[in-house]
Amino acid sequence: DANSLKYEDFNQARDAYKNVQEEMHEFAMSANRLGVSKKDIIETIQRYTQLSKKQAEGIFAGRYRPITQPRPQRPTQ
């Protein structure tokens, strides 16, 4: 389960996320070369990853979108 993965630091998590996006792009390009339409690939990415259409299109295009570090929580009063 991807949600249970733990990383030592933010940089390690960011690098792992980039690797996943690159791998998804490679699979998308392979499917496209085999005749699967861009539309079907993007819809499949959305269905199985719960990403937005814009994010799925970015993966198809090979655009890397880095994750951002969470903001520190403010102390409650």
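Residue indices begin at 1 and follow the sequence shown.
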Taking atom CZ as the centre, does Phe27 end up with more than 12 heavy-atom neighbours from other residues, nucleotides or ligands that are less than 6.0 angstrom away?
no
Distance-only check: which donor-acceptor pairs under 3.5 Å involve side-chain atoms of residues 48-57, not counting sequence neighbours?
{"residue": "Thr49", "atom": "OG1", "partner": "Ile45", "partner atom": "O", "Å": "2.4"}
{"residue": "Thr49", "atom": "OG1", "partner": "Leu51", "partner atom": "N", "Å": "3.4"}
{"residue": "Ser52", "atom": "OG", "partner": "Gln55", "partner atom": "N", "Å": "3.1"}
{"residue": "Ser52", "atom": "OG", "partner": "Gln55", "partner atom": "OE1", "Å": "3.2"}
{"residue": "Gln55", "atom": "OE1", "partner": "Ser52", "partner atom": "N", "Å": "2.9"}

side-chain hydrogen bond (donor to acceptor under 3.5 Å, both in side chains) pairs touching residues 31-41, sequence neighbours excluded, are Ser30-Arg33, Ser37-Asp40, Lys39-Glu43
Taking a hydrophobic cluster as the set of Ile, Leu, Val, Met, Phe, Trp and Tyr residues connected by side-chain heavy atoms closer than 4.5 Å, whether directly or through intermediates, do Val20 and Ile42 fall within one such cluster?
yes
Residue pair Ala28 / Ile41: nearest heavy atoms and the distance that separates them
O-CD1, 3.3 Å
Considering residues at least two apart in sequence or located in another chain, which fulfil the side chain to side chain donor-acceptor pair (under 3.5 Å) criterion with Asn19?
none
Please check if Met24 and Val36 belong to a single hydrophobic cluster, counting links between Ile, Leu, Val, Met, Phe, Trp and Tyr side chain heavy atoms closer than 4.5 Å.
yes
Paired with His25, the side-chain contact (heavy atoms from CB on, under 4.5 Å) test is passed by just one of Met29, Glu23, Gln21, Glu22, namely Met29
